[in-house]
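The block underneath contains the structure these notes are about, expressed in structure tokens.
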Amino acid sequence: MLFDAFKNRKSPKIEFIKTPPTWRVAWGTVDEGYENIAWRDEKFSVVLPRTTSGFLTEKLAISSGGRFVVVGDVWLTNQVQLLQKLGIEPDSFQGSYLQLVANLWERWGFECLHQLVGMFALVVWDRERQVLKLVRDRIGVRTLYYTTTGSVRWIAPQLRTLSPNRSSELDLVALRDYLCCAFVPGERTLWEQVRELRPGTVLEFPDHKVEAYWQLQEQIVAIDQPLAWHGDRLRELLDQVVQEYLPPANEPVGVFLSGGLDSSCITALAAKFHKAPVHTFSIHFGSECPNELEFSSLVASHCQTQHHILEITFKDMWSRLPETMAYLDDPIGDPLTVPNLLLGRLARESVEVVLNGEGGDPCFGGPKNQPMLINSLYGSVTNQNALQAYLISFQKCAVDLPQLLKPEVLIEVQTAPWVFEEDLYSQASYLNRLMAMNIKFKGADQILTKVSNLTQAALLHGRSPLFDQRVVDLSMEIPPGYKLSGVEEKAVLKQAITYGTSLTSANILPEEIIHRPKSGMMVPVQLGFRKYWQQEARDLLLNRNAAITPYLNQLPIRNWLNYQGDTWSRYGVKLWLLASLEIWLQVNQKVR
């Protein structure tokens, strides 16, 4: 897909951005002359990329009995156990993860999903019953999108792949949600005629039945046990998961290391268990900006990793934004998107597998939950209900919607329900309700899709041990007071890393890392728009031909660019969110 939107403008130059082709399937009758059909029958077609040697057939498998055709992306940690269940000696099996799933489906059907541990997005065609099933892993590491109209329904792991098969109409509710969250939560996408399969669910055609095979639920256990007991359970599981996520023993592994607790503990465990070199990768934004290199370098030295530091300039941040948006599915307004892509490319020079610390906050009670906990105590004073407080806690554009959205758009969306309401008002403990929303939505729809898409763009295998389905399940068994209690955050994770278990040694991280307060990776977009990008941003966002013009009013954007009334220094984040949206819309214009 080629597009050049900025030939005569002082804005990020979007030119000839081409994303790698991927697989897609069609449910319905497709013309026989359609290009790149690798497998088909009357109602089902598989379109695969071509390589120099033919079709990319590693994305397609047929079960041993020939009844099921399985297409997709899959990576499993329990392949050996699954092969043993099939009566196959692991050393004798020459097939792929996908072939294994096809054979499991032949044996157990839908029930085999309960046995899969890993990340996957699958399409399963039952040739006998003429039934199609779409499947996504429990946490949402892999993505799967499908069109909702027409005689032929198209399915693909990347939203942009469906560009020829959709209209250009925006989903206005999804637009509202993006402005509030910096990502699109739930099954909606920014395109009106495309939906995203939710994690842990199966969608069946032709009856459009959706069935959950896994649900995130609070199941607190051993509430009378001390913190140390829960820390031991967590440490034992983390030891197991990190070892499973490592590449073969003779291959190097990388870790994205910020110097915070989460990425540091993954670094320490990788260094403990991996015999080949461990490479760590950190970023900073130049001498004008504070950084955490003191802490990341301390961890790298303590764990004896080969440490790499990347400086990302303000020019890099702005000029690489179009390319970054082209690799994403829905837009993500997180300023870390560009650094993630650039750091991934640096990592690819040394490794093929890279781990990260994503998931520590959603699973174990990071400090971003504190404003909501305060609101639960003082809501009668602030006069905010729980939903308002949750939307405001993102610190994006929730309070600006009446001024930012065009009147006709505001009318269209203001009464639409929010995907957060079911979890927010559930019967679970309040902290676990917040964590469930962060795992189900921010995790699946922002963090994991960002990690997956941008590491793949850098030709890396990105893995998030703290978002492993077993770690997530365990997090919902731990009493809330052992996760976030007052100002003490992630107490159970600190316990696990500090004291270990009877089976593991303690003190795998310096005390300074374990007990330092969380600061987060602060990308200096506030300074960027004030000093470096202001004119480019004006040309981009205030242009009468901008893609956002039919939906958003220019006055608040103009005020943000002038920093009028920026009491809390939040305008830079809002402007980055809008710039990301505008560029995403342009690079994703409907192209055949």
Could you tell me if Asp473 and Gln469 have a donor-acceptor pair between their side chains, going purely by distance under 3.5 Å? no

Step by step, would you call Arg188 with Asp177 a salt bridge (charged side-chain N to carboxylate O under 4.0 Å, His left out)? CA-CA 10 Å; Arg188 294 180 184 272; Asp177 295 357; 5.3 Å; no

Within a reach of under 6.0 Å around CD of Glu422, are more than 12 heavy atoms found that belong to other residues, nucleotides or ligands? no

Would you mind checking if Lys440 and Asp445 are paired as a salt bridge, meaning a charged N to carboxylate O distance below 4.0 Å? no

Quick one: sort the Trp560 and Tyr571 rings into parallel, tilted or perpendicular, breaks at 30° and 60°. tilted

Charged N to carboxylate O under 4.0 angstrom, Glu536 versus Arg538? no

Is the closest side-chain heavy-atom distance between Leu179 and Leu405 below 4.5 Å? yes

Are any of the side-chain nitrogens in Glu323 or Arg345 under 4.0 Å away from the carboxylate oxygens of its partner? yes

Working to the nearest 0.5 angstrom, can you tell me the gap between Leu401 CG and Gln414 CD? 10.0 Å

Look at the rings of Phe420 and Trp418 and say which category their plane angle falls in: under 30° parallel, 30 to 60° tilted, over 60° perpendicular. parallel

Given Tyr532 and Lys315, is the side-chain contact (heavy atoms from CB on, under 4.5 Å) satisfied, shown in steps? CA-CA 8 Å; Tyr532 295 99; Lys315 180 180 178 181; over 6 Å; no

Residues Arg176 and Glu412 bridged, charged N to O under 4.0 Å: no

My understanding is that only one of Leu159, Leu162, Asp171, Asp330 makes a side-chain contact (heavy atoms from CB on, under 4.5 Å) with Trp191; could you say which? Leu159

Can a side-chain donor-acceptor contact be found between Thr549 and Arg544 if the only test is distance below 3.5 angstrom? no

Check Lys490 with Asp262, please: is the shortest side-chain N to carboxylate O separation under 4.0 Å? yes

Parallel under 30°, tilted from 30 to 60°, perpendicular over 60°: which one fits the rings of Trp318 and Trp576? perpendicular

